[in-house]
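Bear in mind the structure is a predicted one, so any value in this text is a computation, not a measurement. The figures here come from the full heavy-atom set of this structure, side chains too, leaving out hydrogens, waters and symmetry mates. Indexing begins at 1, ligand by ligand and atom by atom, following the structure's order.
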Amino acid sequence: MRNAEVAGLLEEFADLLEAQGVEYKPNAYRRAADNVRDHPRAIEDLASEGGEDAVAEIDRVGDAIAAKIVEYLETGEIAELEELREDLPVDMAALTRVEGVGPKTVGTLYEELEITTLDELEAAAEAGKIQEIKGFGAKTEQNILDNVAFAREAGQRQRLGDARPLAEEVMGHLDGEAAVERLDVAGSIRRWKDTIGDVDVLVGSEDGEAVVDLFTDWPDADEVIEAGEQKASVSVDGIRVDLRVVVPEEFGSALQYFTGSKAHNVTLRNLAIDRGLKLNEYGVFDVSELRSDGQSDADASDDVSDVDDPDAGQRVGERLGGAAESEMYGALDLPVIPPELREDTGEIEAAVEGDLPDLLTEGEIRGDLHTHTEWSDGASTVAEMVQAAADYGYDYHCVTDHAEGPGVFGDTGLTDEEVREQAEAVAAVREDVDIEVFHGVEANVDADGDVTTSDDLLADLDIVVASPHAALDQGDATDRLIRAVKHPHVDILGHPTGRLINQRPGLEIDFERLAEAAADADTALEVNANPARLDLHGDAVRAAVEAGATVAIDTDAHSPAEFGNVRYGVHTARRGWAEATDVLNARDADGLRAFLDG
Ligand code: DGT
Ligand code: CA
Ligand code: CA
Ligand code: ZN
């Protein structure tokens with residue numbers, strides 16, 4: 001399916017037009033790109049079956065754009081796009097990843113300084129050349145210097161929320177096939193890291209070639225990068241997926257090894273060495289009877305190694321396990337350490353001491369504390385959201401639409417009066433459902449840390465989420481957020497950093513200080529589960545948990561479909577060692593009410 005590839009081209013088209021100062025047209029291309037990307041059918045099938053007419057049936061794709069799409073699918077290029085690229089030969093995707101640099105700025109930078117890459121942009125900024133351009137200043141130049149490293153990194157890593165569904169699709173494609181005996185994801189995707197370098201998939205099978213064939217025939221794959229006998233890599237929507245096939249007896253050891261992190265494995269391996277064991281991707285072996293040269297003193301027939309195998313030296317001594325991951329940790333007298341913790345930040349020591357946390361699970365979440373409706377920028381009515389929450393199995397639901405304030409644009413935010421009107425609408429819905437419904441608002445934290453909704457209104461609401469939506473590049477914002485956390489009516493600090501993964505770094509915060517203030521004030525810190533945010537991130541959750549602060553896992557859902565994002569919040573909280581007792585919405589309705597009233 002080539003929808004993402006075509007959408008990417010249309011977006012490039014839009015950016016290049018915008019860089020040349022063309023108006024309106026760029027947005028038409030962007031809207032078309034969105035709809036092509038989300039279209040359920042493969043664009044190449046539409047084009048080959050029904051030509052331009054069929055492609056133009058896609059919402060927002062007009063005849064002109066449809067013609068260009070068909071031209072691309074038939075000839076491999078779009079003549080007009082090639083011309084635009086020649087006029088402006090820049091790495092648009094990379095340059096516009098720098099916060100504050102849009103397509104127009106890229107056009108100017110090329111015209112004035114012939115900047116085409118991030119490296120050239122950085123060099124020009126360091127040489128003080130940016131601030132000399134008309135309309136640019138020292139501040140713009142400093143902004144570029146501050147953000148170029150972030151942009152470089154963002155180009156190399158994918159958001160968990162994009163990579164995880166893809167990993168699950170490829171698992172679905174492989175699962176149940178005859179050659180596939182064992183199957184799991186490994187690497188950072190299994191550790192639920194917020195960004196992913198590549199997706200690692202592991203299969204236990206006696207027939208590597210059959211599995212590789214199956215994998216490279218995955219219809220969603222855009223390109224096969226490489227394919228061997230036991231491994232292969234494909235690219236899907238710009239995300240690299242690596243497959244490794246191992247024999248089923250070594251599946252557990254390979255899973256342990258390829259889950260990482262590298263730092264976790266190094267520490268674990270050293271612990272094994274101390275105990276006369278050898279731990280690697282092939283298994284766990286007792287090597288206490290071996291001489292230091294790796295050869296067995298005992299009869300050579302005890303040696304499981306094979307002379308034709310280059311890795312033979314890795315399979316020495318007595319095999320203690322390897323089929324299951326639990327055998328790897330078990331050989332060290334340890335329980336299986338949850339993948340989210342495997343970052344070598346004390347989890348192995350905790351496991352040795354029998355002190356691993358009893359991590360929060362998705363099933364322990366009893367309701368959402370931060371959601372929207374069509375009263376502000378959501379897509380559904382109050383009744384629809386509440387009913388969907390009940391259907392989802394929740395005990396309660398909180399309605400927290402945007403209040404007007406800094407960073408909330410147009411008429412998205414509700415006035416005090418509208419919030420009070422909504423309270424009546426919520427009360428009416430309450431009559432019809434079995435779950436508890438709390439009514440509140442998402443208020444705004446201004447640049448100084450003040451909450452911009454009136455105290456009178458806040459005092460009357462069941463729940464108040466306060467979030468920063470403006471002044472998100474002000475540098476150290478710890479004092480600002482501590483002020484918000486101490487506000488007597490604020491129950492939850494929403495998406496505290498305001499970051500957007502790969503797009504905006506967000507506020508700089510000393511999380512230890514913030515967590516202590518939050519614990520002190522009995523204000524919960526949010527883990528916003530929207531996959532574009534994951535804010536707080538795992539390390540910050542850990543600071544919150546260690547300070548004894550309460551954590552809230554919120555989807556910030558704008559429609560019922562987004563309730564499912566809760567898993568990203570739960571796994572992010574798990575990366576921060578959170579247990580159910582740390583989490584506000586793992587409490588029942590009475591427990592929640594007690595916190596909100598306290
Ligand atoms: P990523 O893909 O950058 O988000 O991070 P990972 O952790 O998925 O890293 P990746 O894909 O390079 O490798 C997967 C795992 O395999 C990694 O977490 C640990 C293991 N691994 C790979 N190469 C090495 C190595 O050279 N030494 C050790 N100890 N482990 C390795
Ligand atoms: Ca990986
Ligand atoms: Ca990999
Ligand atoms: Zn929100």
May I ask you to check if any N/O/S atom from His370 comes under 2.8 Å of the Zn ion (ligand 4)? yes
Take every heavy atom of Thr259, measure it against each atom of ligand 1, and state whether any distance is under 4.0 Å. yes
Pair Phe511 and His537, ring centroids less than 6.0 Å apart: yes
N/O of Thr195 under 3.5 Å from N/O of ligand 1, yes or no? no
Is Arg191 touching ligand 1 with its side chain, its backbone, both, or neither, if touching means heavy atoms under 4.0 Å apart? side chain
Classify the ring geometry between Trp218 and Phe215 as parallel (under 30°), tilted (30 to 60°) or perpendicular (over 60°). parallel
Just say parallel, tilted or perpendicular for the rings of Trp192 and His571, cut-offs at 30° and 60°. parallel
Angular separation of O (Asp198) and OD2 (Asp200) seen from the Ca ion (ligand 2), to 10°: 100°
With a 4.0 Å cut-off on heavy atoms, is Lys262 in contact with ligand 1? yes
Checking only N/O/S atoms, does Asp242 have one that is under 3.0 Å from the Ca ion (ligand 2)? no
Compute both the distance and the angle, then confirm whether Arg244 meets the cation-pi test with Phe258: under 6.0 Å from the six-membered ring centre, within 45 degrees of the axis. yes
Polar proximity ligand 1 side, Gly187 side, N/O cut 3.5 Å exclusive: no
Report yes if some N/O of Ser188 lies less than 3.5 Å from some N/O of ligand 1; otherwise report no. yes
Check whether any N, O or S atom of His372 sits under 2.8 Å from the Zn ion (ligand 4). yes
Tell me whether Asp242 is salt-bridged to Arg240, with the criterion being a basic N under 4.0 Å from an acidic carboxylate O. yes
Audit row: Asp539, Arg575, salt bridge (charged side-chain N to carboxylate O under 4.0 Å, His left out) steps and yes/no: CA-CA 7 Å; Asp539 292 342; Arg575 284 180 62 80; 5.9 Å; no
Would you say the side chains of Asn528 and Asp556 form a donor-acceptor pair under 3.5 Å? yes
Polar contacts were defined as any N/O atom of the residue lying under 3.5 Å from an N/O atom of the ligand; does this apply to Asp198 and ligand 1? yes
Whether over 12 other heavy atoms sit under 6.0 Å from Asp411 CG: no
N/O/S atom of Asp554 inside 2.8 Å of the Zn ion (ligand 4), strictly under: no
Per residue Glu442, nearest N, O or S atom to the Zn ion (ligand 4) is named OE1
